[in-house]
Protein chains: 2
Amino acid sequence: MASIKDVAELAGVSKATVSRVLNNTGQIREGTRARVHKAMEKLNYRPSPLAKSLATSSSNTVGLVVTSYRGHFYSELMAEVQEEMEVQGKFLLVSRGKRSRSSEQEAIQRLTDMCCDGLILHTRNMFDEDLVDLSKGSTPFVVLDRSVKDLEDRSIVYDHTLAGKMAVEHLLEKGHRKIACIAGPRSRMTAALRFDGYVQALESYGISVDESLVAEADYDRLGGYRAMKDILERQPDITAVYSCSEEMTVGAFDLFRERGINLPGDISIISFDSVSLCTMLTPQVSTVHFPIKEMAAESARVLTALMHGEQDVQPQRFIPELRLRDSVREI
Amino acid sequence: MASIKDVAELAGVSKATVSRVLNNTGQIREGTRARVHKAMEKLNYRPSPLAKSLATSSSNTVGLVVTSYRGHFYSELMAEVQEEMEVQGKFLLVSRGKRSRSSEQEAIQRLTDMCCDGLILHTRNMFDEDLVDLSKGSTPFVVLDRSVKDLEDRSIVYDHTLAGKMAVEHLLEKGHRKIACIAGPRSRMTAALRFDGYVQALESYGISVDESLVAEADYDRLGGYRAMKDILERQPDITAVYSCSEEMTVGAFDLFRERGINLPGDISIISFDSVSLCTMLTPQVSTVHFPIKEMAAESARVLTALMHGEQDVQPQRFIPELRLRDSVREI
DNA sequence: TTGTATGCGTTATCAT
DNA sequence: ATGATAACGCATACAA
């Protein structure tokens with residue numbers, strides 16, 4: 001690989017001059033510029049990003065840390081950020097915090113050590129104060145789907161509780177009273193919030209929650225299948241289900257299909273949805289939409305603004321939105 | 001940020017010594033080692049990956065180049081490679097070749113400039129000879145889902161034509177004769193191959209292809225919807241459909257749902273499938289499985305072997321496999 | 001307008 | 001067992 005030195009020699013100038021034409025900085029005579037260009041051409045010269053980063057401590061990359069890679073949700077998240085960043089000409093470095101405070105911090109450190117120009121954090125286990133500490137450093141970052149006090153201008157947030165409440169209230173309005181809940185692992189913040197929505201909606205109708213109506217499961221297809229099965233065993237006469245994730249909903253449908261249960265005739269269902277899995281099912285299921293895609297894109301945009309040194313960025317607010325389809329009937 | 005120099009000074013040794021304890025190379029007295037460690041601790045020292053890369057021309061990252069980020073397929077591909085690489089402690093750098101020979105080559109150059117230790121290429125537009133040229137360089141790489149002559153030991157391949165043939169023959173065996181084909185963009189290699197499978201299967205039954213039975217569409221949901229609509233307009237009395245991608249199948253189902261078309265009563269369908277979208281549909285649709293996930297993982301493993309300097313790696317062969325479910329009826 | 005010299009944080013080759 | 005020192009490829013402050 002030809003280096004800047006080779007180009008300089010061939011063009012009969014100094015390295016500094018080559019560097020100048022490279023970055024379009026300073027004044028250079030047209031003649032020498034041409035000579036340098038020709039030399040670069042001839043040597044098929046390409047600057048080393050590594051050396052440049054070392055010299056400037058900026059790397060033209062941004063880091064993304066997530067808690068998992070598995071599943072449509074994270075795939076979509078990664079892809080979206082990736083695409084948005086490419087527009088900025090930035091590379092994306094992805095790292096995973098393995099569901100613990102320390103591993104999340106470690107991931108962040110690795111990324112900053114690599115001189116990422118910015119960070120997008122979808123971390124669930126770090127404390128708010130950790131994030132606030134981080135904000136004292138020089139690397140700009142945004143937090144995705146998490147509201148951090150004092151970091152509002154870098155938080156891309158969504159009100160999971162309200163979303164859940166709206167979903168369950170819809171069921172309530174349609175006359176359902178015996179409403180099951182397929183909940184995510186309650187150790188996870190957003191899962192807990194979504195469950196809160198269930199509780200609040202019920203309370204607003206003067207109904208207290210019956211624990212035998214709720215099952216906690218992993219946020220995936222099999223989890224949904226099992227949860228639905230458990231609930232139906234305990235409470236065969238439910239009329240509606242509130243599912244806290246689309247993949248769990250797909251799992252529930254596996255059971256419905258297996259048992260010949262009819263929707264919405266026998267059971268109504270409403271679900272969270274991010275990647276439109278719910279519109280592939282038959283009947284298409286009514287959802288509260290959790291717009292991870294748009295939020296990921298927004299996080300990329302906000303980060304870009306931050307990296308450009310813009311002040312007072314106002315992250316877009318994402319409001320829960322009901323998407324009514326064919327899986328809920330009136331009773 | 002503390003550098004190796006700071007550590008050396010604090011520990012009262014030279015930079016070289018610090019470097020040695022860092023990499024566990026050479027012999028060092030226990031006492032000094034301890035002192036160095038303490039100094040590192042105290043300064044919260046972390047080595048700069050950038051400087052290390054510059055010095056060693058290796059970066060602890062691998063590059064992945066794909067043609068798109070959109071859709072479940074690519075998402076899954078990225079996520080799988082990502083996860084597999086993390087096990088090796090490698091970072092992943094993703095870049096996109098925008099469906100042209102030159103942009104794919106450009107992406108590769110950027111990645112090699114960053115001193116990636118290895119490359120995974122899911123490129124469709126470069127020529128075989130480009131790849132062969134590349135193989136003369138020093139960066140190990142593998143090609144995903146493409147068979148390159150003279151590069152068999154780095155090609156993770158799948159027989160799309162055979163897969164398509166098997167799918168259509170299944171339809172044929174069940175008595176179907178008027179079989180529509182929802183094809184991908186024929187400019188794309190694998191789409192063309194899958195279509196070939198259709199042609200071959202038909203020929204083996206002495207049937208010549210009727211172009212009005214086939215529609216070419218984008219490899220996505222909307223494409224499938226439109227293609228299905230077009231075909232039904234021209235040929236309302238088809239009995240079966242061969243769909244070349246799962247997302248197109250989802251789109252076809254959108255139309256079926258809209259029109260109240262019954263499966264497999266009115267129409268039978270068989271589809272390619274990679275991300276199990278087809279098992280979410282009702283009825284679950286019979287498929288030929290294109291195991292992109294496993295192939296992505298295999299590509300990561302083969303690359304790892306290559307990077308470790310192993311010779312004679314034999315990439316696993318992936319054989320098309322029919323997964324019969326409930327979307328095809330006998331007539 | 002251009003050149004010189006130094007620094008960025010490592011590794012690696014010689015010495016000692 | 002340890003230290004000096006030269007790379008690695010670029011940017012940049014200071015001279016000229």
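Residue numbers begin at 1 in each chain, while the letters A, B, ... track the order of the sequences.
Identified under the ring pair (Phe, Tyr, Trp, His ring centres under 6.0 Å) test for residues 14-50 of chain B, with sequence neighbours left out: none. Among pairs with a residue in residues 300-311 of chain A, those fulfilling side-chain hydrogen bond (donor to acceptor under 3.5 Å, both in side chains) read A:E298-A:R301, at least two apart in sequence or across chains. Annotation: salt bridge (Lys or Arg N to Asp or Glu O under 4.0 Å) contacts involving residues 40-58 of chain B, sequence neighbours excluded, comprise A:D113-B:R46. Applying the salt bridge (Lys or Arg N to Asp or Glu O under 4.0 Å) test to every pair with at least one member in residues 29-38 of chain A, sequence neighbours left out, gives these pairs: A:E30-A:R33. Listed by first and then second residue, the salt bridge (Lys or Arg N to Asp or Glu O under 4.0 Å) pairs involving residues 1-21 of chain B amount to none (not counting sequence neighbours).
Across all strands shown, B:K5 has no heavy atoms under 4.0 Å from either base or sugar-phosphate atoms.
No donor-acceptor distance shorter than 3.5 angstrom exists from the side chain of B:D145 to the backbone of B:V157, with no hydrogens or angles considered. Formation of a donor-acceptor pair under 3.5 Å by the B:S59 side chain with backbone atoms of B:C115 is found in this model. In this structure, the side chain of A:D117 engages the main chain of A:N60 through a donor-acceptor pair within 3.5 Å.
When DNA chain D is scanned in the 5' to 3' direction for atoms under 4.0 Å from non-hydrogen atoms of chain A, the outermost contacting nucleotides are D:dG9 to D:dA13. For DNA chain C, the contact window with chain A, defined by any atom under 4.0 Å from a protein heavy atom, covers C:dT1 to C:dG9 in 5' to 3' order.
Of the N and O atoms on the side chains of B:Y158 and B:S147, not one donor lies less than 3.5 Å from an acceptor on the other residue. Side chain to side chain, A:Q82 and B:Y69 meet the donor-acceptor criterion of an N or O pair below 3.5 Å.
In this view, A:T17 and A:S14 satisfy the side-chain hydrogen bond (donor to acceptor under 3.5 Å, both in side chains) rule, not counting sequence neighbours. Here A:Y219 pairs with nothing under the ring pair (Phe, Tyr, Trp, His ring centres under 6.0 Å) rule; sequence neighbours left out.
In summary, B:R70 and B:D220 do not engage in a salt bridge, as defined by a charged side-chain N under 4.0 Å from a carboxylate O. Looking at B:R99 and B:E104, no side-chain N of the basic residue comes within less than 4.0 Å of a carboxylate O on the acidic one, giving no salt bridge.
End-to-end axis angle of the helix from C:dT1-D:dA16 to C:dT16-D:dA1, from C1' rotation axes over five pairs per end: 40° (rounded to 10 degrees).
Within residues 16-32 of chain B, the residues approaching DNA chain D are B:A16, B:T17, B:R20, B:Q27, B:I28, B:R29, B:T32, by heavy-atom distance under 4.0 Å. Listed in residue order, the members of residues 39-60 of chain B having a heavy atom less than 4.0 Å from DNA chain D are B:L54, B:A55.
Between A:F73 and A:H122, the angle of the ring planes lies from 30° to 60°, which puts this pair in the tilted group.
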